[in-house]
Amino acid sequence: PRVLLPFLQSHAVPLLFKSLELKLLRKVNLGPFTHTVDDGLPLRKASFACIDTLLDSLPSVLEMSSFMPYLAKGLEDKDDVQLLAHQILGKVARVSPASLLASLETLLPPLEAVANKQMKDTSVGTEVERAQDLIRSAVRAMVAVSKVRREGGREGEGLVFFALMLYNQKNNQLIILSSLPPSVVDGSMSHPKFNQMQERVMSKDQLKNLWNSLVAERSGSGGRGME
């Protein structure tokens, strides 16, 4: 890893970031219909899969503040990419909570949009299962975000934890915590947008039950349910 580290940081990761938003659209004539094909989708999926692996093995090569806008776009992409983005979001909550909390305003809307996704009356079989899997994945990501502060450290350790995370990601420059938004210091539960979103989700019985079941599942797996 030490040999590859400079190459990953200077070449591989920047190329990965660029490929995360690559779209290659073309029209396919199907007689009376025209179908749009995105040839960039497989590459975006592969790139997010690489990011997912790096978060497990070499998270230090990722400049998380630069990655968050790409993650936000991934949350609005095709279903397969969204599933990967949800999984990555759960890992970012553990690896770099400060970066996640600083980007909540762009990350929450696509998550809530998926959670509120309505299935068409004509949806059957695998379409219904796929939609349910996507909704479950989005709510699981929300739960991971909601746990950021508590799992970041015990009470009294949270501020030190967030300071260290920012220190590692800002070229050895420690950011003064008093200059940060309250949500970064206190965690997701102090963020008004997150609180509003959670209230809307919990007001719907189906989503509330799903949320509670995922919280129980996460607790049963030691808080590592997104891995």
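Only heavy atoms go into these numbers, but all of them, side chains included; no hydrogens, no water, no symmetry mates. Keep in mind it's a predicted model, so treat the numbers as computed, not measured.
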J.: Please answer: with hydrophobic residues joined when any side-chain heavy atoms are less than 4.5 Å apart, are Val145 and Leu83 in the same cluster?
T.: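 No, because Val145 and Leu83 fall into different hydrophobic clusters, even though each may have its own neighbours under 4.5 Å.
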
J.: Please determine whether residues Met202 and Leu214 belong to a single hydrophobic cluster, defined as Ile, Leu, Val, Met, Phe, Trp and Tyr linked transitively by side-chain heavy-atom distances below 4.5 Å.
T.: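 They do share one cluster, since a chain of ILVMFWY contacts under 4.5 Å joins Met202 to Leu214.
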
J.: Could you state the interatomic distance from CG (Asn212) to CD (Glu217), rounded to the nearest 0.5 Å?
T.: 12.5 Å

J.: CG/Leu20 to OG/Ser47 distance, rounded to the nearest 0.5 angstrom?
T.: 5.0 Å

J.: Step by step, would you call Arg26 with Asp39 a side-chain contact (heavy atoms from CB on, under 4.5 Å)?
T.: CA-CA 8 Å; Arg26 59 185 173 89; Asp39 290 326; 2.6 Å; yes

J.: Measuring only between side-chain heavy atoms, which start at C-beta, is Leu16 closer than 4.5 Å to Tyr70?
T.: no

J.: If we check side-chain contact (heavy atoms from CB on, under 4.5 Å) with Gln132, which of these qualifies: Leu134, Val128, Ile135?
T.: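 By the side-chain contact (heavy atoms from CB on, under 4.5 Å) criterion, Gln132 pairs with just one of Leu134, Val128, Ile135: Val128.
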
J.: Grab the two heavy atoms, one from Ser60 and one from Gln9, that are nearest each other, plus how far apart they are.
T.: O-NE2, 3.8 Å

J.: Look at the side chain of Ser96 and the backbone N and O of Val92, then say whether any donor-acceptor pair between them is shorter than 3.5 Å.
T.: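 No; zero donor-acceptor contacts below 3.5 Å.
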
J.: How would you list all residue pairs meeting salt bridge (charged side-chain N to carboxylate O under 4.0 Å, His left out) that involve residues 9-25, not counting sequence neighbours?
T.: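 Matches after skipping sequence neighbours: Glu21-Lys73.
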
J.: Taking C-beta and beyond as the side chain, do Met142 and Gln198 meet within less than 4.5 Å on heavy atoms?
T.: no

J.: About how many Å separate CE of Met68 and CG of Leu104, when rounded to the nearest 0.5 Å?
T.: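 Output value for this atom pair is 8.0 Å.
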
J.: With a 4.0 Å cut-off on N to O distance, would you call Glu112 and Lys117 a salt bridge?
T.: no

J.: How close do Ala141 and Leu111 get, counting heavy atoms only, and between which atoms?
T.: CB-CD2, 4.0 Å

J.: Is it true that Asp56 and Lys91 make a salt bridge, defined as a side-chain N closer than 4.0 Å to a carboxylate O?
T.: yes

J.: Going by heavy atoms in the side chains, are Val28 and Phe33 under 4.5 Å from each other?
T.: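 No; the side chains remain at least 4.5 Å from each other.
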
J.: Are side-chain N/O atoms of Lys27 and Thr34 paired as donor and acceptor at under 3.5 Å?
T.: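 No, no side-chain donor-acceptor contact under 3.5 Å.
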
J.: Drop me the distance from Leu100's CG to Ser65's OG, to the nearest 0.5 angstrom.
T.: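 Leu100 atom CG to Ser65 atom OG measures 12.5 Å (nearest 0.5 Å).
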
J.: Nearest 0.5 Å, what's the NZ-CG distance between Lys204 and Asn116?
T.: 3.5 Å

J.: Are any side-chain N or O atoms of Ser57 and backbone N or O atoms of Thr53, one a donor and one an acceptor, separated by less than 3.5 Å?
T.: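 Here the side-chain-to-backbone pair exists.
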
J.: Where do Ala138 and Val114 come nearest, in terms of heavy atoms and distance?
T.: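 Taking Ala138 first and Val114 second, the nearest heavy atoms are CB-CG1, 3.6 Å.
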
J.: When hydrophobic residues are tied together by side-chain contacts of less than 4.5 Å, even through go-betweens, does Val13 share a cluster with Leu5?
T.: yes

J.: Please check: side-chain N/O of Asp52 versus main-chain N/O of Phe48, any donor-acceptor pairing under 3.5 Å?
T.: no

J.: Hey, is the main chain of Leu22 close enough, under 3.5 Å, to the side chain of Arg44 for a donor-acceptor pair?
T.: yes

J.: Consider side-chain contact (heavy atoms from CB on, under 4.5 Å). Of Lys193, Glu199, Arg200, which one does Met197 pass it with?
T.: Arg200

J.: Between Leu71 and Ala85, which heavy-atom pair has the shortest distance, and what is it?
T.: CD1-O, 3.7 Å

J.: Looking at every non-hydrogen atom in both residues, tell me the closest pair between Val81 and Gly74 and how far apart they are.
T.: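 Residues Val81 and Gly74, closest heavy atoms: CG1-O, 3.8 Å.
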
J.: Could you tell me whether the side chain of Leu210 reaches within less than 4.5 Å of the side chain of Arg140, counting heavy atoms only?
T.: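 SC-SC contact between Arg140 and Leu210 ruled out.
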
J.: Would you say that Glu76 contacts Gln82 through its side chain, given a criterion of any heavy-atom pair below 4.5 Å between the two side chains?
T.: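 Not in contact.
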
J.: Should Lys147 and Val215 be marked as a side-chain contact (heavy atoms from CB on, under 4.5 Å) after you check the CA-CA gap, both sets of side-chain angles, and the distance that decides it?
T.: CA-CA 9 Å; Lys147 302 298 182 182; Val215 169; 4.0 Å; yes

J.: Any side-chain heavy-atom pair from Val37 and Leu25 closer than 4.5 angstrom?
T.: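 No, side chains not in contact.
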
J.: Are the side chains of Leu24 and Leu43 in touch, meaning some heavy atoms are under 4.5 Å apart?
T.: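 In short, these two side chains do not touch, never coming nearer than 4.5 Å.
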
J.: Roughly how far, to the nearest 0.5 Å, is the CZ atom of Phe67 from the CG atom of Leu54?
T.: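 It is 10.0 Å, given to the nearest 0.5 Å.
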
J.: Give me the atom names and distance for the closest heavy-atom approach of Ala115 to Leu207.
T.: O-CD2, 3.6 Å

J.: I'd like to check Leu58 versus Leu8 (side-chain heavy atoms, cut-off strictly below 4.5 Å). Are they in contact?
T.: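 Yes, at least one pair of side-chain atoms sits under 4.5 Å.
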
